[in-house]
Q: 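Have a look at this one before I ask anything.
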Amino acid sequence: MEFADRVTRVEPSATLAISALASELEDDGVDVVDLSVGEPDFPTPENVIDAGQAAMDAGHTGYTTSQGIPELRAAIADKLRDDGLDHGPENVVVTPGAKQALYEVVQAVVDDGDEVVLLDPAWVSYEAMVKLAGGTLVRVDLSPHEFALEPALDDLQNVISDDTELLIVNSPSNPTGAVYSDDALAGVRDLAVDHDVTVIADEIYDEITYGVEPTSLGTLDGMSERTVTVNGFSKAYSMTGWRLGYFAGPEELIDQAGKLHSHSVSCAVNFVQHAGIEALQNTDAAVEEMVGSFQERRDLLVDLFADEGVEVPVPDGAFYMMLPVDSNDQSWAEGALEDAHVATVPGSAFGAPGYARLSYAASEERLREAVTRLAEGGFL
Ligand code: PMP
Ligand code: GLU
């Protein structure tokens, strides 16, 4: 068979590939501490599961309108309004996961040869999505600034031009856990407005922050007409397998990307959408508890690494941490998995060589075990 250039030029998802490798080892009877894939380790809140089951029992098993059921879109519009964004339900498209939302938006905005700016380290799928759309990537490296955006604004200014079509901003960030400051976001706004750039604000970790309140980029003056806000249910409500997300933005974007949506997935799963309403409206206590646990685990890991003489940048959000490792992070991660049986993702996959990304969505006992194994194996 002959394959299209657009698929042969991308690699499979590194995060999912490593997690699959870890599962293979586990199937062979090896006890792996899997800190690779970014997936909360808590069950979906019970009331959300009940709502999904009740919706199935009530017969919500057919297609829905392509954009998603009106009640969920209204609940999403309410959530966005709480964040300071003014979108009506008609400006929201419900998707099977935030990944699909991002995919549709990138496909709708990026043409062959269009320039897209990423802030490195960046989540692995942005690059692939841009390449699939035929875009070219320009990357700004935040690594020299301990992953903060503000000190890198000059670098961003140097690469953004009138030729830039799209900028993707992910705060709180995967893989660094950084939450970008208001001053940094204002700097992004100034550049985006000056050069008429469309911006994707991927805010999927917005509920998971520690003592800081993340600002939604689309709320800044001049941003509402150029920002597509993407979010999803996987992380905040521990619903990765349900596949539910959304994007919200200006009407013409909804029309264009909506065509891709209707011709590809048709709609998100009907009863899952009903569970999504419950997740948005009745999970405050559950979310607070999960976020509290993530924060304790973050603090524990920072301390455990400090005990081993390793200083890690302390993240303010998400459940990831960047561990400084060998300059050849790929072989470090392979060794850590094969010899110490600790699965991590090499930083190079995110454009951050010399680091490994750890997802601390694991119990304190497993986190302690991971650090012990890495230390004993000579990996720290
Ligand atoms: N954006 C970021 C930054 C992510 O880490 C993920 C994780 N998978 C997604 C989007 C997509 O999440 P999902 O498709 O599960 O909603
Ligand atoms: N976003 C998660 C991660 O970074 C899930 C895997 C993926 O979709 O890439 O690990």
Side-chain angles (χ1 to χ4, degrees), residues 10-23 34-41 44 68 72 76 93-106 118-130 142 147 168-180 199-209 214 217 228-248 261 264-265 268-269 272-273 275-276 279-280 294 315 317-322 333 343-352 355-362:
V10 301
E11 300 294 326
S13 164
T15 44
L16 297 179
I18 285 159
S19 146
L21 207 64
S23 302
D34 189 357
L35 308 183
S36 64
V37 74
E39 175 163 40
D41 56 324
T44 303
L72 175 58
I76 290 169
V93 177
V94 178
T95 54
K99 209 179 241 182
Q100 176 70 18
L102 288 160
Y103 185 80
E104 290 174 11
V105 174
V106 170
L118 294 186
L119 304 174
D120 273 345
W123 178 49
V124 293
S125 291
Y126 299 141
E127 172 177 339
M129 288 179 193
V130 170
L142 309 191
F147 310 125
I168 304 182
V169 180
N170 171 217
S171 175
S173 154
N174 176 4
T176 67
V179 182
Y180 300 141
V199 179
I200 291 179
D202 179 349
E203 297 177 351
I204 193 163
Y205 296 98
D206 67 345
E207 299 288 338
I208 307 172
T209 57
L217 191 50
V228 189
T229 302
V230 173
N231 209 323
F233 294 71
S234 287
K235 318 291 173 173
Y237 313 109
S238 198
M239 292 177 70
T240 47
W242 295 70
R243 312 308 302 127
L244 193 64
Y246 57 90
F247 60 92
H261 187 69
S264 53
V265 295
V269 175
V272 169
Q273 294 188 52
L280 283 173
F294 286 139
F319 38 71
Y320 305 110
M321 187 174 285
M322 295 296 266
T344 62
V345 186
S348 315
F350 307 95
Y355 290 90
R357 187 196 75 176
L358 274 53
S359 162
Y360 50 88

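Counting begins at 1 with the first residue of the sequence. Just so you know, ligand 1 is whichever comes first in the structure, and atom 1 is the first atom listed for that ligand.
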Q: With atoms numbered from 1 as shown, which atoms in ligand 2 lie under 4.0 angstrom from a non-hydrogen atom of Lys99?
A: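 Answer for ligand 2: 7 (C), 8 (O), 9 (O).
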
Q: To which protein heavy atom is atom 2 (C) of ligand 2 closest, and what is the distance rounded to 0.1 Å?
A: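 For this ligand atom, the closest protein heavy atom is Lys235 NZ, 3.4 Å.
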
Q: Give the contacting part of Leu16 toward ligand 2: side chain, backbone, both or neither, where contact means a heavy-atom distance below 4.0 Å.
A: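 Looking at Leu16 and ligand 2, just side chain atoms fall under 4.0 Å.
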
Q: Answer with yes or no whether Thr240 contacts ligand 1, where contact means a heavy atom under 4.0 Å from a ligand atom.
A: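 No, Thr240 has no heavy atom closer than 4.0 Å to ligand 1.
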
Q: List the closest protein heavy-atom neighbour of atom 15 (O) of ligand 1: residue, atom name, distance to the nearest 0.1 Å.
A: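 Atom 15 (O) of ligand 1 sits closest to the protein heavy atom Ser234 OG, 2.6 Å.
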
Q: Is there a donor-acceptor contact under 3.5 Å from the side chain of His261 to the main chain of Val94?
A: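 Present.
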
Q: May I ask you to check if ligand 1 and Tyr126 share an N or O to N or O distance below 3.5 Å?
A: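 There is no such contact.
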
Q: Any nitrogen or oxygen of Leu102 lying under 3.5 Å from a nitrogen or oxygen in ligand 1? Just yes or no.
A: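 Such a contact does not occur with ligand 1.
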
Q: To the nearest 0.1 Å, how far is atom 1 (N) of ligand 1 from its closest protein heavy atom, and which atom is that?
A: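 Answer for atom 1 (N) of ligand 1: Asp202 OD2, 2.6 Å.
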
Q: Should Arg243 be counted as touching ligand 1, given the test is an N or O pair under 3.5 Å?
A: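 Min N/O separation from ligand 1 is below 3.5 Å for Arg243.
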
Q: Using a 4.0 Å heavy-atom threshold (strictly under), name the region of Thr240 that reaches ligand 2: side chain, backbone, both or neither.
A: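 Answer for Thr240: neither.
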
Q: With no hydrogens and no angle check, is any side-chain donor or acceptor of Thr44 less than 3.5 Å from a backbone partner on Ser238?
A: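 Yes; judged by distance alone, with no hydrogens or angles, the pair exists.
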
Q: May I ask you to check if ligand 2 and Arg357 share an N or O to N or O distance below 3.5 Å?
A: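 Yes; the residue has a nitrogen or oxygen that sits under 3.5 Å from a nitrogen or oxygen of the ligand.
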
Q: Do any N or O atoms from the side chain of Arg357 and from the backbone of Pro346 form a donor-acceptor pair under 3.5 angstrom?
A: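 Flag not set: sc Arg357 to bb Pro346 has no pair under 3.5 Å.
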
Q: Closest non-hydrogen protein atom to atom 9 (C) of ligand 1, residue and atom name please, with distance?
A: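 The closest one turns out to be Trp123 CH2, 3.4 Å.
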
Q: Under the 3.5 angstrom rule, does the side chain of Gln273 hit a backbone N or O of Ala268 as a donor-acceptor pair?
A: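 Checked: pair present.
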
Q: Please report the shortest heavy-atom distance between Glu104 and Val265, naming the atom on each side.
A: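 Distance-wise, the nearest heavy atoms are OE2-CG2, 4.0 Å.
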
Q: What's the shortest distance from atom 12 (O) of ligand 1 to any protein heavy atom, and which residue and atom give it?
A: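 Heavy-atom neighbour on the protein nearest atom 12 (O) of ligand 1: Ile204 CD1, 3.4 Å.
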
Q: Could you tell me whether Ala98 approaches ligand 1 through its side chain, its backbone, both or neither, with non-hydrogen atoms closer than 4.0 Å?
A: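 Looking at Ala98 and ligand 1, atoms from backbone and side chain both fall under 4.0 Å.
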
Q: As a test of understanding, state which of Val230, Asn170, Thr229 forms a side-chain contact (heavy atoms from CB on, under 4.5 Å) with Glu203.
A: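 When Val230, Asn170, Thr229 are each tested with Glu203, the side-chain contact (heavy atoms from CB on, under 4.5 Å) holds only for Thr229.
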
Q: Could you tell me how the ring of Tyr126 sits relative to the ring of Trp123: parallel (under 30°), tilted (30 to 60°) or perpendicular (over 60°)?
A: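 The rings of Tyr126 and Trp123 stand perpendicular, inter-plane angle above 60°.
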
Q: Please check this pair: side chain of Thr95 against backbone of Gly245, looking for a donor-acceptor N/O pair closer than 3.5 Å.
A: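 Side chain of Thr95 to backbone of Gly245, a donor-acceptor pair under 3.5 Å: yes, one is there.
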
Q: Is the closest side-chain donor-acceptor distance between Ser171 and Ser173 under 3.5 Å?
A: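 Judged by distance alone, the side chains do not pair up.
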
Q: Less than 3.5 Å between some nitrogen or oxygen of Thr15 and one of ligand 2, yes or no?
A: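 Right, the criterion is met.
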
Q: Could you measure the distance from the NZ atom of Lys235 to the OH atom of Tyr205? Nearest 0.5 Å is fine.
A: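 The distance works out to 3.5 Å.
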
Q: Return the option from Glu39, Lys99, Lys235 holding the heavy atom at the smallest distance from atom 8 (N) of ligand 1.
A: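 Result: the heavy atom closest to atom 8 (N) of ligand 1 is in Lys235.
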
Q: Closer than 4.0 Å to some heavy atom of Gly97 - which atoms of ligand 1 meet that?
A: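 Checking each atom against Gly97, I get 14 (O), 16 (O).
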
Q: Side chain, backbone, both or neither: which applies to Val37 and ligand 2 if a contact is any heavy-atom pair less than 4.0 Å apart?
A: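 Contact part for Val37 vs ligand 2: both backbone and side chain.
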
Q: Looking at ligand 1, would Gly232 count as a contact under a 4.0 Å heavy-atom criterion?
A: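 No; Gly232 lies far enough from ligand 1 that no heavy-atom distance drops under 4.0 Å.
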
Q: Under 6.0 Å between ring centres, would you say that holds for Phe294 and Tyr320?
A: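 No, ring centres 6.0 Å or more apart.
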
Q: Under 4.0 Å from a heavy atom of Asn170: give me the atoms of ligand 1 that qualify, with their elements.
A: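 Going through ligand 1 atom by atom, the ones under 4.0 Å from Asn170 are 3 (C).
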
Q: Only heavy atoms of Ser13, strictly under 4.0 Å: list the atoms of ligand 2 that pass.
A: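 This gives 9 (O) as the contact atoms.
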
Q: Where on Glu39 is there a heavy atom closer than 4.0 Å to ligand 2, on the side chain, on the backbone, on both, or on neither?
A: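 For Glu39, there is no contact with ligand 2 at all, from either part.
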
Q: Main chain of Ser19, side chain of Ser23: is a donor-acceptor contact present, judged purely on distance under 3.5 Å?
A: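 At least one qualifying donor-acceptor pair exists.
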
Q: Do any nitrogen or oxygen atoms of Gly38 lie less than 3.5 angstrom from nitrogen or oxygen atoms of ligand 2?
A: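 It does: an N or O of Gly38 is found under 3.5 Å from an N or O of ligand 2.
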
Q: In Å, rounded to the nearest 0.5 Å, how long is the span from CG of Leu358 to CE of Met321?
A: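 With rounding to 0.5 Å, CG (Leu358) is 7.5 Å from CE (Met321).
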
Q: What atoms of ligand 2 come closer than 4.0 angstrom to any heavy atom of Asn174?
A: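 Heavy-atom distances to Asn174 below 4.0 Å select 1 (N), 3 (C), 4 (O).
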
Q: Has the side chain of Asp202 got a donor or acceptor atom that lies under 3.5 Å from a matching backbone atom of Ile204?
A: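 A pair under 3.5 Å: yes.
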
Q: Hey, could you give me the CG/OG distance between Leu16 and Ser125, rounded to the nearest 0.5 Å?
A: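 One finds 7.0 Å between CG of Leu16 and OG of Ser125.
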
Q: Looking only at N/O atoms, are Tyr205 and ligand 1 under 3.5 Å apart anywhere?
A: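 So ligand 1 has an N or O lying under 3.5 Å from an N or O of Tyr205.
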
Q: Using a 4.0 Å cutoff against the non-hydrogen atoms of Asn174, which atoms of ligand 1 qualify?
A: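 This gives 3 (C), 4 (C), 5 (O) as the contact atoms.
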
